[in-house]
Amino acid sequence: MKKIEYVAIFMAWPYANGPLHLGHVAGNCLPADIQYRYERSRGRSVIMCSGSDEHGTPITVTADVEKVHPQEIVDRFHQINTQALIDLGCSWGENIDPRGIEYGGALYNRTTDPRHKELVKEYFTLLKNSGFLKQQTMQQYCSISADGVTKFLPDRYVEGDCPICGSEGARGDQCDECGSTYESSELVNPRSKMDPDAKIEIRDTDHFFFQLNQFQDELEKHSQKKQKIWKPNVRAMTKNWLNMGLRPRAVTRDMEWGIKLPISSVEWDSKRIYVWFEAVQGYLTCSQIWSENYSTNDDDWKKWWMKSDEGIEPKHIYFMGKDNIPFHTVIWPAIIMGLNSANSGNIPSSLIQPGELVLESNVPAMEYLMLQGGQFSKSRKHAVWLPSFLEHHNPDTLRYFLSINMPEGHDTDFRWEEYVDKVNNELIGTYGNFVHRVMTLSHRLESLDGENPLSQYFNGEDNKDSMNKIQNLLNSAINSMEKQRFKEALRSIMNISQIGNGLIQHSEPWKYMKLEGSPEKSKSLSTLAFCWQVCRGLAIALRPFLPFQSDELWSMMGEENNMDDILYEDAFNFDDIFSWNGDKPKPLFNRLDIEQILEREKLIAGSDTDGKEVNDEDVNYIDFEDFMKVEMKTGKVVGIEDHPNADKLYVVTIEDGPESTRTVCAGLKGIYEKEQLLGKQVVFVANLKPRKLRGIMSEGMILAADDGDGNVSVLTLDSDMPTGSQVR
RNA sequence: AUCGAGUUGGAGUAGUCAGGUUAUCUCGUCGGGCUCAUAACCCGGAGACCGGUGGUUCAAAUCCACCACUCGAUACCA
């Protein structure tokens, strides 16, 4: 009997602060699901675990803006995202593997799950008791607002005067002016960026620090072992971290929204476990929760997490975007080694012993998917949201496009034109058309008693060459999949349909099928029968990529076998079984129309796809007097230079009166060319307190409209006015 | 500006870490063929000084140095 292989597929936990967009899908969700389906199809026992990351500051910010409790935000997006993933064909809906619970299953959990919190607290205590979490007093700025609310401030929210050169606007730990770095406590006249009027003082605050430095040597050994497996981006990023030297990292912070510490004392009541430390443990807790909720034995998760007594390690594959690499190659392995060491009492080691938790097998981090050349961005609303995409499009066409265009080695781009092109010319042209040809040709033959009319013509000896080619292509697809090279795998499989198309073309069954009893007819139809089997194999081979169409093809062929029971490697082991479905075959896909799509996307771009409404009642009115305090004037751009020390700034000279000019730094680079602005009449705020921007004094602000979508347009005058005219 | 990644025929992309005969594949394009199929399919051709310059080597897309550009993270920001 074959040994059971245990595989765990993990994907980075999407942050429940908004709907998923195509970037998340291409980098995490889709590759994880493809791998999961592939591993299952290899007959392995597989669990897939992930879920919504629901703690952390951005969620509280969103909650503040909407004036609701953070729980409401995460409830909403957890629901929306879970549904969108299932609609995309990701296997999260199958908590129990269709082959049986012993084969695993999937769980899309959330970090607000009470059991997750409980387990995190257990691990916190375990690590603390073993000396991996050390308490340390740090000094941190704390703002006391007018209404007496005190709040600790992260360094980047503090600014003041530089202790070295004395210039204003220095940041918490570094001065842009003179470049010197210092302790934030040395800052002169510190103030809060969020609330500049608040009183600010340094207070002691205690926090726990994870002693990452204790794992430096073992992590280096681990990284050495992975050199041949990791992709260049993973190697480079990890090396960078290790070379910088690891330092203890705070695992608690002063805030309200998060998991409480497992310490009962007033002092720790206002502190929570830092998200980075808690969410990453979700991989483990989710596996445990899955086995507690669905498996026959609460301890079943161990099969997927611990090295067996025979010394066999389950395979762990983590999918994520490139921004997440160090968490999975440095921090998470360190935590796992810490837990192992805490349990065994041995010193931390990257050599995993039987019964210990295993480290990652591979971390195939993806680069980014860009949208029409720019980055996906929630705040700029430059995104294609998964839920709205799925309202209009077949999920398999998206899966195809993102798979064949996956950002495996470098950033790739999502363009509607390319999506349509690839779907119409490759997916439909090659695969869809091959299947449709085979189906319609077969249905032109007469079926007796609901039998497949092709079965009598099949001769395994014909088409031996093609058979070998196909088998080789499948083997290379398998090799690619073992290395998480999805594009390569899919390409190999698509080549199989090309071979199929060639076979049909050469055998010309349409020509011979009417010639009763001729040798040409049986030869030609033998090939068609062979192609029928190829279609069947393609349904199996493509299922990880195109689950919906595979199932549809399966039923169109009248197959009664359960596809879950067929091994991937046997996809083209023809068993001479010719099933039949008398219904008229239908094309698997519909062609896409680029004009139509672009038109609708324009509509979508014009509406707020977040579903949030701008609430008029929330407008903060200001008094007329306040408005009159702002002095706006007209001016003319008479000079414009690149800012020597900032990528997005121009240094603009404005003629602000008949005989005078002033200098203003404007963040218009990348939006306007210098020539476009030169000579323009603009409106600027004249009495803004002058401020240095990365070394250059800016005496005002040029007004511009911003649609929040990356489009910016400078205000100009309808007709000529003297420079320095009042604007009101 | 700092750090990281990338630049290969019209588009996309493999090969780069472990240098070696005609640089891969898909789309597009051109020519021919075919017509069963969603005007699609089959065969063939053209098209790349592998971002630039210099170096190491018998040999460089591949290694080294410098430069240019693109992308991202961070800083700055209308």
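Below, each value reflects all heavy atoms present in this structure, side chains not excepted, and no hydrogens, waters or symmetry copies. All chains are named by letter (A, B, ...) in the order of the sequence lines, taking the proteins before the strands, and each is independently numbered beginning at 1. Only a predicted model underlies this, so the values are computations on that prediction, with no experimental measurement involved.
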Please tell me if [X] has a side-chain N or O lying less than 4.0 Å from either OP1 or OP2 of [N].
{"X": "A:N425", "N": "B:rG28", "answer": "yes"}
{"X": "A:Q224", "N": "B:rC17", "answer": "no"}
{"X": "A:Q498", "N": "B:rC25", "answer": "no"}

[X] atom [atom1]: more than 12 heavy-atom contacts under 6.0 Å:
{"X": "A:K225", "atom1": "NZ", "answer": "yes"}
{"X": "A:N479", "atom1": "CG", "answer": "yes"}
{"X": "A:K322", "atom1": "NZ", "answer": "yes"}
{"X": "A:N468", "atom1": "CG", "answer": "yes"}

Ignoring hydrogens, what is the shortest heavy-atom contact between A:E446 and A:P453? Give both atom names and the distance.
O-CB, 3.3 Å

Of all heavy-atom pairs linking A:L219 and A:V330, the shortest is CD2-O, 3.5 Å

[atom1] atoms of [N] and [M], separation to the nearest Å:
{"N": "B:rC30", "M": "B:rC69", "atom1": "P", "answer": "36 Å"}
{"N": "B:rU62", "M": "B:rA18", "atom1": "P", "answer": "14 Å"}
{"N": "B:rG4", "M": "B:rC67", "atom1": "P", "answer": "14 Å"}
{"N": "B:rU24", "M": "B:rA75", "atom1": "C1'", "answer": "42 Å"}
{"N": "B:rC17", "M": "B:rC64", "atom1": "C1'", "answer": "15 Å"}
{"N": "B:rG15", "M": "B:rC3", "atom1": "C1'", "answer": "28 Å"}
{"N": "B:rC66", "M": "B:rU29", "atom1": "P", "answer": "44 Å"}
{"N": "B:rC71", "M": "B:rU8", "atom1": "P", "answer": "14 Å"}

Quick one: label [X] by what it contacts on the DNA or RNA (base, sugar-phosphate, nothing), any heavy atom closer than 4.0 Å.
{"X": "A:M701", "answer": "sugar-phosphate"}
{"X": "A:F434", "answer": "nothing"}
{"X": "A:E417", "answer": "nothing"}
{"X": "A:D421", "answer": "sugar-phosphate"}
{"X": "A:P509", "answer": "nothing"}
{"X": "A:L445", "answer": "nothing"}

Looking only at side-chain atoms of [X], point me to the closest of [options].
{"X": "A:E367", "options": "B:rA5, B:rU38, B:rC27", "value": "B:rA5"}
{"X": "A:E418", "options": "B:rG12, B:rA5, B:rG28", "value": "B:rG12"}
{"X": "A:E426", "options": "B:rC27, B:rC41, B:rU13", "value": "B:rC27"}
{"X": "A:N495", "options": "B:rU13, B:rU26, B:rG15", "value": "B:rU26"}
{"X": "A:K322", "options": "B:rU38, B:rU26, B:rG72", "value": "B:rG72"}
{"X": "A:R491", "options": "B:rC25, B:rA5, B:rC27", "value": "B:rC25"}
{"X": "A:R485", "options": "B:rA14, B:rU38, B:rU13", "value": "B:rA14"}
{"X": "A:Y368", "options": "B:rG72, B:rC42, B:rC27", "value": "B:rG72"}

Rounded to the nearest angstrom, tell me the gap between atom [atom1] in [X] and atom [atom2] in [N].
{"X": "A:E408", "N": "B:rG12", "atom1": "CD", "atom2": "P", "value": "17 Å"}
{"X": "A:W230", "N": "B:rA5", "atom1": "CH2", "atom2": "C1'", "value": "17 Å"}
{"X": "A:Y431", "N": "B:rU26", "atom1": "OH", "atom2": "P", "value": "19 Å"}
{"X": "A:F486", "N": "B:rC25", "atom1": "CZ", "atom2": "P", "value": "23 Å"}
{"X": "A:Q549", "N": "B:rU38", "atom1": "CD", "atom2": "P", "value": "17 Å"}
{"X": "A:I496", "N": "B:rU26", "atom1": "CD1", "atom2": "C1'", "value": "16 Å"}
{"X": "A:D411", "N": "B:rA11", "atom1": "CG", "atom2": "C1'", "value": "17 Å"}
{"X": "A:D413", "N": "B:rG72", "atom1": "CG", "atom2": "P", "value": "11 Å"}

Step by step, work out the side-chain contact (heavy atoms from CB on, under 4.5 Å) result for A:D462 and A:F530.
CA-CA 8 Å; A:D462 299 345; A:F530 179 84; over 6 Å; no

Heavy-atom nearest nucleotide on RNA chain B taken for A:G502 and for A:E488; more 5' hit belongs to A:E488

Comparing A:Y400 with A:R591, nearest RNA chain B nucleotide closer to 5' gives the residue A:Y400

Strictly by modelled atom types, are A:Y431 and A:Q549 linked by a side-chain donor-acceptor pair under 3.5 Å?
no

Do any N or O atoms of the protein come closer than 3.5 Å to N or O atoms of nucleotides 33-36 of chain B, and which pairs are they?
residue, atom, partner, partner atom, Å
B:rC36, O2, A:R437, NE, 3.4
B:rC36, N3, A:R437, NE, 3.2
B:rC36, N3, A:R437, NH2, 2.5
B:rC36, N4, A:R437, NH2, 2.7
B:rC36, N4, A:Q505, OE1, 3.0

Starting from the C-alpha separation in whole Å, work towards a yes-or-no answer on side-chain contact (heavy atoms from CB on, under 4.5 Å) for A:E408 and A:K231.
CA-CA 9 Å; A:E408 288 171 8; A:K231 297 200 240 181; 4.1 Å; yes

Parallel, tilted or perpendicular, as decided by the 30° and 60° cut-offs, for the rings of A:F486 and A:F319
tilted

Could you check whether the rings of A:H443 and A:W580 sit parallel, tilted or perpendicular, using 30° and 60° as the cut-offs?
parallel

Derivation and outcome, ring pair (Phe, Tyr, Trp, His ring centres under 6.0 Å), residues A:W416 and A:F414
CA-CA 7 Å; A:W416 289 105; A:F414 182 90; 5.0 Å; yes

So which of A:T634, A:V637, A:D656, A:V652 actually passes side chain to side chain contact (heavy atoms under 4.5 Å, CB included) with A:F684?
A:D656

Range-with-range stems for RNA chain B, at least three Watson-Crick or G-U pairs under 3.5 Å
B:1-7 with B:68-74, B:10-12 with B:25-27, B:29-33 with B:41-45, B:51-55 with B:63-67

